[in-house]
Amino acid sequence: MPKPRIAVLVSGSGSNLQALIDAVAGGKISGSIQMVISDRVGAFALQRAAKHEIPSICIDRKAADFADRLVEQLDTISPDLIVLAGFLSILPAALIHKFRNRIINIHPSLIPAFCGKGFYGERVHRAVIECGAKVSGATAHFVDEGTDTGPIILQQPVEVLAEDTAETLAARVLTVEHQLIVKAVSLFCDSRLKVQGHKVIIL
Ligand code: GRF
């Protein structure tokens, strides 16, 4: 049985990518990362890929043909799974349709709270602090045509401390993101995720 082929899409530092790379190397994920695609030139995630000799490419998100080039690039490796690891661009609807329940995203809040258009990165944690929420967390979910609206795979809460700033909260949530993205990808690669309607059953 060939190992599931994984493509990882990134935009930033790539700490979630690093968690996946380490998990594959450590045998926690029974798949193989075939390619890393960044939508931003100079994303540190690309250096992480290069260090582990994972083929990578940057497709500038500002390019008029960004969506077409992204689809073309993915077609070259025929992935079984696409992982959005801190990826900030919108995916073309045709890609989401083609990869129904085969695109996993990690979001730094407990969906459906603090998510949707404009809620990404530090903005999420600032909103949590500003509204005085006592609990936040992270969510791994399948991607559908909405923004952070796909079937939820895994969630884990993170307590918001009285002395927290957006930065200190972000750091604790990011640690949980790394755990969840690894677990979600591992479950997918082991064929243990079953989507029933909008719910995900873990087998
Ligand atoms: C982080 O803000 C994380 O919450 C979100 O993407 C951002 C960068 O993650 N998922 P990474 O270090 O590039 O994986």
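Start at 1 and go down the list; that is how both ligands and their atoms are numbered.
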For a 4.5 angstrom cut-off between non-hydrogen side-chain atoms, does [X] reach [Y]?
X      : Y      : answer
Glu177 : Pro108 : yes
Phe119 : Ser109 : no
Asn16  : Val83  : no
Ser186 : Lys28  : no

Given Ser136 and His125, is the side chain to side chain donor-acceptor pair (under 3.5 Å) satisfied, shown in steps?
CA-CA 8 Å; Ser136 191; His125 308 295; 5.2 Å; no
Looking at Ile29, Asp80, Ile82, which hits side-chain contact (heavy atoms from CB on, under 4.5 Å) with Ile6?
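Going through Ile29, Asp80, Ile82 one by one, the side-chain contact (heavy atoms from CB on, under 4.5 Å) with Ile6 is satisfied by Ile29 alone.
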Residues in the immediate environment of ligand 1 (any heavy atom closer than 4.0 angstrom):
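Lining ligand 1 at under 4.0 Å, by heavy atoms, one finds Gly12, Ser13, Gly14, Ser15, Asn16, Ala85, Gly86, Ile106, Pro108, Gly121, Leu174, Glu177.
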